[in-house]
There are 2 protein chains.
Amino acid sequence: MDDSRSSGGLRERKRRATENAIEEAAVGLALRDGIAAATVEAICREAGVSRSTFFNYFPSKEQAIFGRAAEFAPDATSEAILDAHAGELAVGVFYVGLHALGSQRVNTEVARARVALVAADPALAHHHAAAVAKLEAGLVALLADWLARHPDARRLPGDPLVEATLTVAAATGAGRLMMAEFLAGAGDIAIDEERFRAALAAMALVAGAGAPGASHG
Amino acid sequence: MDDSRSSGGLRERKRRATENAIEEAAVGLALRDGIAAATVEAICREAGVSRSTFFNYFPSKEQAIFGRAAEFAPDATSEAILDAHAGELAVGVFYVGLHALGSQRVNTEVARARVALVAADPALAHHHAAAVAKLEAGLVALLADWLARHPDARRLPGDPLVEATLTVAAATGAGRLMMAEFLAGAGDIAIDEERFRAALAAMALVAGAGAPGASHG
DNA sequence: CCGAAATCTTGGACAAAGTGCAAGTTTGTA
DNA sequence: TACAAACTTGCACTTTGTCCAAGATTTCGG
């Protein structure tokens, strides 16, 4: 049943090819002629499929252009990453986020093109925002579940959801800064743990500035 | 010229009444019969206006239901708030955010209904996410500008945008937690500075846990 | 190899969102 | 009153997205 979906049958190969064709046509058209010109009809013409087939692969035009929102099921890898960073969960969340983004097997060129698209047209920012929000929500759920099963690693009392929310907020705040620097700096800035830790520390500084005597006496 | 827009002429009174009618019809219908049933036509019928008029007031159906995204122009009040909290800008950002949300003169009942709508249908969460993202972007821009003009208040070297991004990330992280608690706790939880400071301190704790001694290297 | 079953593609009809425009109506103002 | 600005409305149009039925393709069992 799932065999035909994951292994290399003719059907599956064709399906991937079609999906790729649509995706590339969508992104390419949007980049070349602008978002407004990238109608579903134009994309279909470019990709050589019918309108029906288009909506058979993507539920909306936007998802064809911007990709399906990162919906990562809580897999074993995420679990292992958190286990390995039990003492510094913000860093763990950082790696889980990278894992979630990386495991989407997206064409690198397509990904870059998408960044350019959003950067060029501010009216499209909400797509990016929605995707980020979805990823964040997933991370919170994952971490809250993990925290409930690992009480020893917790730093805050009460509902695990609270600690999860704050930890993810811290991680994504730092991540957001890195992304901003990455985009502003011509893209040659590395996204690594060191930079992430520096951003995290800086955020703890500006956050702690408003709450004297609460964190470390 | 602007007189007729802001003062209490007949025209302006009518305009506000129509806007309110559309807004209430939109939210009411969505709540009562579900989002799917709240078509533009139905809203217009309920509000007693034509389709043309509808789009004359709201650029999209979603904005009628969920409200125009909080677009706050950097006004004098925001400036004064930041001035008053130069030593703890995260708190200042908190108050500016409250100001931006509060100055939208939204009907309280409509606001509550909107929260219920988003809570009921998770598929609608991206509207909320986009609105939050827009507010955040505005806050970052405002704070970066303020920081550039008040170097003495800064805590981080380099681009003011960096400090602004991190400070806003910290503030909205804490704010997000408060909002989550507010929604989870039947809505009888106060949103005040004390709770905000506590959330901020907690976030500094979980963030600082992952970056020992990295801030003053 | 052959036929049945599942899957995929396609075209067409349809509801609804959103845009543009021209005509008519109401309000503000001299 | 007369005129200009702003508002409302109906209509035609493009586009997105859904639904369905008919035909083509792939898979699989015998």
Side-chain angles (χ1 to χ4, degrees), chain A residues 1-23 25-27 29-30 33-66 68-69 121 123-124 126-127 130, chain B residues 1-23 25-27 29-30 33-66 68-69 121 123-124 126-127 130:
Chain A
M1 4 192 88
D2 218 6
D3 217 26
S4 64
R5 276 202 170 276
S6 56
S7 87
L10 211 197
R11 197 162 260 170
E12 178 61 16
R13 255 180 298 141
K14 269 195 174 179
R15 183 155 256 275
R16 293 205 186 215
T18 311
E19 183 171 333
N20 245 316
I22 295 178
E23 209 166 36
V27 176
L29 265 181
D33 305 340
I35 286 281
T39 68
V40 172
E41 277 207 3
I43 296 172
C44 290
R45 223 178 307 125
E46 186 97 352
V49 297
S50 72
R51 241 177 60 93
S52 301
T53 300
F54 177 94
F55 285 109
N56 213 330
Y57 280 83
F58 295 90
S60 77
K61 191 184 78 166
E62 333 237 287
Q63 296 218 14
I65 298 181
F66 296 103
R68 302 180 195 66
D121 190 343
L124 265 46
H126 68 277
H127 288 295
Chain B
M1 2 192 84
D2 217 8
D3 219 28
S4 66
R5 274 204 171 274
S6 56
S7 87
L10 210 198
R11 194 163 262 172
E12 178 62 13
R13 255 181 298 141
K14 270 195 174 180
R15 182 156 257 276
R16 293 205 185 213
T18 310
E19 184 170 333
N20 244 316
I22 296 177
E23 209 166 34
V27 176
L29 265 181
D33 306 339
I35 287 280
T39 68
V40 172
E41 277 207 4
I43 296 172
C44 291
R45 224 180 304 127
E46 185 98 352
V49 298
S50 74
R51 243 176 60 93
S52 301
T53 300
F54 178 93
F55 285 109
N56 213 330
Y57 280 83
F58 294 90
S60 76
K61 190 184 77 169
E62 333 237 286
Q63 297 218 13
I65 298 181
F66 296 102
R68 302 180 196 66
D121 190 343
L124 265 46
H126 67 277
H127 288 296

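Labels below follow one simple rule: chain letters A, B, ... track the order of the sequence lines, proteins then strands, and each chain is numbered from 1.
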Query raised in the report: Whole Å only: how far is the CD1 atom of B:Ile43 from the C1' atom of C:dA16?
Result: 12 Å
Query - Distance below 4.0 Å between A:Thr53 side-chain N/O and C:dT10 OP1 or OP2 - result: yes
**Report entry** Integer-rounded Å distance: D:dT16 P and A:Phe66 CZ
**Finding:** 13 Å
Query - Shortest non-hydrogen separation from B:Ile65 to B:Ile35 and the atoms involved - result: CD1-CD1, 4.4 Å
**Report entry** Heavy-atom side-chain proximity of B:Ile43 to B:Glu46 below 4.5 angstrom
**Finding:** no
Query raised in the report: Atom NZ of A:Lys61 to atom C1' of D:dT18: distance rounded to whole Å?
Result: 17 Å
Query - Below 4.0 Å: OP1/OP2 of C:dT10 and any side-chain N or O of A:Ser52 - result: no
Report summary line: Winner on side-chain proximity to B:Thr39, out of C:dT9, C:dA17, D:dG17, is C:dA17
Query raised in the report: How close or far is atom P of C:dC8 from atom CG of A:Leu10, stated in whole angstroms?
Result: 12 Å
**Report entry** Separation of D:dT27 C1' from A:Arg13 CZ (nearest whole Å)
**Finding:** 13 Å
**Report entry** salt_bridge(A:Glu12, A:Arg16) N-O dist < 4.0 Å
**Finding:** yes
**Report entry** Below 4.0 Å: OP1/OP2 of C:dC8 and any side-chain N or O of A:Tyr57
**Finding:** no
Report task. Nearest-nucleotide wise, let me know which of B:Lys14 and B:Glu62 is further upstream toward the 5' end of DNA chain C. Result -> B:Glu62
Query raised in the report: Roughly, in whole Å, what's the span from CZ in A:Arg11 to P in D:dT26?
Result: 8 Å
Query raised in the report: Taking CZ from A:Arg15 and C1' from D:dT27, how many angstroms apart are they, rounded to a whole number?
Result: 15 Å
Report task. From the options C:dC8, D:dT8, C:dA17, select the nucleotide whose nearest atom is closest to the side chain of B:Val40. Result -> C:dA17
Report summary line: In whole angstroms, the gap separating P of D:dT25 from CG of A:Asn56 amounts to 17 Å
Query raised in the report: For the side chain of B:Arg51 and the base of D:dG10, is some donor closer than 3.5 Å to an acceptor across the two?
Result: no
Query raised in the report: Where the side chain of B:Thr53 meets the backbone of B:Asn56, is there a donor-acceptor pair that is under 3.5 Å apart?
Result: no
Query raised in the report: How close do B:Ala64 and B:Ala26 get, heavy atom to heavy atom, and via which atoms?
Result: O-CB, 3.9 Å
Report summary line: The nucleotide from D:dT26, D:dT16, D:dC7 with an atom nearest the side chain of A:Phe55 is D:dT16
